[in-house]
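Here's the structure, in structure tokens; my notes come after.
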Amino acid sequence: MMPPQFASAPDYQQKIKQVFAEVGKVVVGQHYMLNRLLIGLFTGGHILLEGVPGLAKTLTISTLSKVLHLHFQRVQFTPDLLPSDLVGTMIYNQNQSEFQVKKGPIFANLVLADEVNRSPAKVQSALLEAMQEKQVTIGETTYPLDLPFLVLATQNPVEQEGTYPLPEAQVDRFMMKVYVDYLKKTDELEVMRRMANMSYVGEVSPILTKEDIFGIRQQINQVQISETLEKYIIELVFATRKPAEYDLTEFQQYVQFGVSPRASIALHRAAKAVAFLDERDYVLPEDIKEVAADVLNHRILLNYEAEADGIRTQDMIEAILRKVPIS
């Protein structure tokens with residue numbers, strides 16, 4: 001069997017620019033969020049989006065799925081959702097007198113878990129197991145999920161009553177946690193004008209195929225990162241665990257747990273993806289710093305004392321990036 005023939009890096013980079021342009025026909029001003037979604041897709045990492053309602057999180061993901069020509073499923077997480085509603089179940093066929101498998105919405109390439117903190121732990125666990133293992137067990141049979149497989153989960157930080165916050169160990173399975181902010185005035189003006197036109201229909205064309213996505217992964221895998229920068233990533237990770245050893249004694253009393261080894265893997269992959277999207281075949285220190293906050297912010301666990309003193313994980317990450325040298 002002949003290996004698949006992939007296009008060159010410049011060809012893919014041109015197509016990625018077209019992806020941004022196509023999504024921009026429907027979604028205004030969320031370039032940063034779209035960039036992070038593509039980094040997750042191209043490196044096989046899942047993304048957790050957090051932001052107030054109405055910031056086009058769902059619209060961006062559904063539009064991206066059309067531009068990527070991928071199978072997309074949206075699941076609205078609610079307190080009465082069951083694991084079988086997500087992964088599927090066995091149903092009895094009376095005509096054939098046997099049980100048959102009815103697959104759930106998890107069997108898609110892009111899965112939007114909308115307001116993932118609205119459902120209880122057993123549903124969250126079913127989702128996170130599929131994220132980690134890339135497979136689902138229904139009855140006595142295990143079914144592999146179609147690749148590429150990417151979970152994009154959203155959280156609403158405004159209302160926390162009646163929600164089930166994701167445990168720290170589960171949140172760690174997300175490659176990045178991206179905070180989605182309000183639009184700039186000019187962007188919101190454009191959104192208002194578009195949506196006020198009730199005959200507006202946002203049409204997009206497919207740009208990338210599954211084969212393109214796997215080809216881009218191959219190209220990102222070939223991006224060079226020096227041993228010095230690899231060691232820099234390790235120093236950043238260790239600084240979250242033992243701040244005092246990095247002249248960050250002011251944070252020592254606030255850290256309950258530093259980041260896990262998943263953080264170093266995610267930083268390595270994400271930095272390569274940033275370099276590729278910037279049309280380089282090598283990683284710069286700025287690439288690591290650019291994604292450090294998104295990779296680390298949900299993995300550093302601060303104690304109650306930090307909350308009482310108004311210390312945020314963002315403050316600690318900024319201090320680490322200032323203090324930890326590149327040797």
Side-chain angles (χ1 to χ4, degrees), residues 30-51 57 113 116 128 131-132 150-155 157 166-181 216-217 220-221 223 225-226 228-243 246 248 251 254-278 280 282-302 311-326:
Q30 292 294 7
H31 187 278
Y32 179 84
M33 173 170 53
L34 180 57
N35 176 275
R36 294 307 188 253
L37 294 178
L38 288 175
I39 288 175
L41 178 71
F42 296 150
T43 59
H46 308 287
I47 308 294
L48 181 60
L49 299 174
E50 185 166 297
K57 298 186 293 294
V116 70
L128 293 158
M131 288 166 51
Q132 185 69 20
L150 183 67
V151 171
L152 307 166
T154 69
Q155 283 189 152
L166 288 167
E168 284 74 15
Q170 305 284 43
V171 175
D172 191 40
R173 296 183 189 278
F174 287 96
M175 180 185 190
M176 291 189 282
K177 182 179 182 181
V178 180
Y179 291 101
V180 184
D181 206 352
I216 290 169
R217 285 188 182 180
I220 289 173
N221 211 31
V223 171
I225 179 168
S226 68
T228 300
L229 291 183
E230 287 181 329
K231 289 179 178 177
Y232 176 58
I233 290 173
I234 298 302
E235 296 297 332
L236 292 177
V237 166
F238 270 73
T240 68
R241 301 171 189 169
K242 298 177 180 179
Y246 294 84
L248 295 161
F251 293 102
Y254 299 125
V255 177
Q256 191 169 351
F257 294 106
V259 302
S260 74
R262 286 194 183 111
S264 51
I265 298 167
L267 271 175
H268 196 281
R269 288 183 176 179
K272 282 186 168 186
V274 170
F276 182 79
L277 291 175
D278 283 348
R280 281 181 280 107
Y282 56 91
V283 174
L284 295 173
E286 289 73 20
D287 300 329
I288 299 169
K289 293 177 179 179
E290 182 179 330
V291 291
D294 294 326
V295 171
L296 301 177
N297 64 43
H298 58 299
R299 292 184 163 97
I300 299 173
L301 184 58
L302 302 181
I311 302 296
R312 306 171 304 157
T313 54
Q314 185 63 34
D315 300 327
M316 184 175 174
I317 294 167
E318 289 172 0
I320 287 172
L321 292 175
R322 285 196 306 270
K323 287 286 183 74
V324 176
I326 302 173

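Quick note: numbers below take in every heavy atom, side chains included, and nothing from hydrogens, waters or symmetry partners. Everything numeric in this text was worked out from a predicted model, so none of it was measured.
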>> Please find the pair of heavy atoms, one from Arg262 and one from Asp172, that lie closest to each other, and give the distance.
In response: NH1-OD2, 2.9 Å
> Is there a side-chain contact between Glu230 and Ile225 (heavy atoms, below 4.5 Å)?
Replying inline: yes
> Does any non-hydrogen side-chain atom of Val324 lie less than 4.5 Å from one of Phe238?
Replying inline: no
> Is any side-chain heavy atom of Leu128 less than 4.5 Å from a side-chain heavy atom of Gln132?
Replying inline: no
> Taking Arg217 for the side chain and Leu41 for the main chain, is one N or O donor matched with an acceptor at less than 3.5 Å?
Replying inline: yes
>> Testing the basics here: between Ala271 and Ile288, what is the closest heavy-atom pair and its distance to 0.1 Å?
In response: CB-CG1, 3.8 Å
>> Test: salt bridge (charged side-chain N to carboxylate O under 4.0 Å, His left out). Region: residues 284-298. Which pairs qualify, not counting sequence neighbours?
In response: Arg36-Glu290, Arg36-Asp294, Arg280-Asp287
> Taking C-beta and beyond as the side chain, do Ile220 and Ile216 meet within less than 4.5 Å on heavy atoms?
Replying inline: yes
> When rounded to the nearest 0.5 angstrom, what distance separates CD1 in Ile39 from CZ in Arg269?
Replying inline: 13.5 Å
>> Once rounded to the nearest 0.5 Å, what's the spacing between atom CG of Leu150 and atom CD1 of Ile47?
In response: 6.5 Å
> Who passes side chain to side chain donor-acceptor pair (under 3.5 Å) against Tyr232, sequence neighbours left out?
Replying inline: none
> Taking all non-hydrogen atoms of both residues, which atom of Leu296 and which atom of Ile317 are closest, and how far apart?
Replying inline: CB-CD1, 3.8 Å
>> Quick check on Lys231: does its NZ atom have over 12 non-hydrogen neighbours (other residues, nucleotides or ligands) under 6.0 Å away?
In response: no
> So, for Asp315 and Phe251, which heavy atoms are closest and what is the spacing to 0.1 Å?
Replying inline: O-CZ, 3.9 Å
>> With rounding to the nearest 0.5 angstrom, report the CG to CD1 distance, Leu302 to Ile311.
In response: 8.5 Å
> For the atom pair OG1 (Thr43) and CG (Leu38), what is the distance rounded to the nearest 0.5 Å?
Replying inline: 10.0 Å
> Closest approach of Ala275 and Val223, non-hydrogen atoms and distance?
Replying inline: CB-CG1, 4.0 Å
> Is any side-chain heavy atom of Val283 less than 4.5 Å from a side-chain heavy atom of Ser226?
Replying inline: no
> Is there a donor-acceptor pair under 3.5 Å between the side chain of His298 and the backbone N or O of Phe174?
Replying inline: yes
> So among Leu49, Leu152, Leu37, which one has a side chain to side chain contact (heavy atoms under 4.5 Å, CB included) with Lys57?
Replying inline: Leu49
> Considering residues, nucleotides and ligands other than Phe257, do more than 12 of their heavy atoms fall under 6.0 Å from its CZ?
Replying inline: no
>> Could you walk me through whether Val255 and Thr240 satisfy the side chain to side chain contact (heavy atoms under 4.5 Å, CB included) test, starting with their C-alpha distance in whole Å, then the side-chain angles of each, then the deciding distance to 0.1 Å, before giving a yes or no?
In response: CA-CA 8 Å; Val255 177; Thr240 68; over 6 Å; no
> What pair of heavy atoms forms the shortest contact from Met316 to Pro243, and how long is it?
Replying inline: CE-CG, 3.8 Å
> Okay, side chain of Thr313, backbone of Ile300: is any donor-acceptor separation there less than 3.5 Å?
Replying inline: no
> Can you find a heavy atom in the side chain of Glu50 that is under 4.5 Å from one in the side chain of Lys177?
Replying inline: yes
> Is there a donor-acceptor contact under 3.5 Å from the side chain of Arg241 to the main chain of Val259?
Replying inline: yes
> Rounded to the nearest 0.5 Å, what separation is found between the OG atom of Ser260 and the CG atom of Leu301?
Replying inline: 12.0 Å
> Sub-3.5 Å donor-acceptor pair from the side chain of Asn297 to the main-chain atoms of Ala293, do we have one?
Replying inline: yes
> How far does NZ of Lys272 sit from CG of Leu277, to the nearest 0.5 angstrom?
Replying inline: 14.0 Å
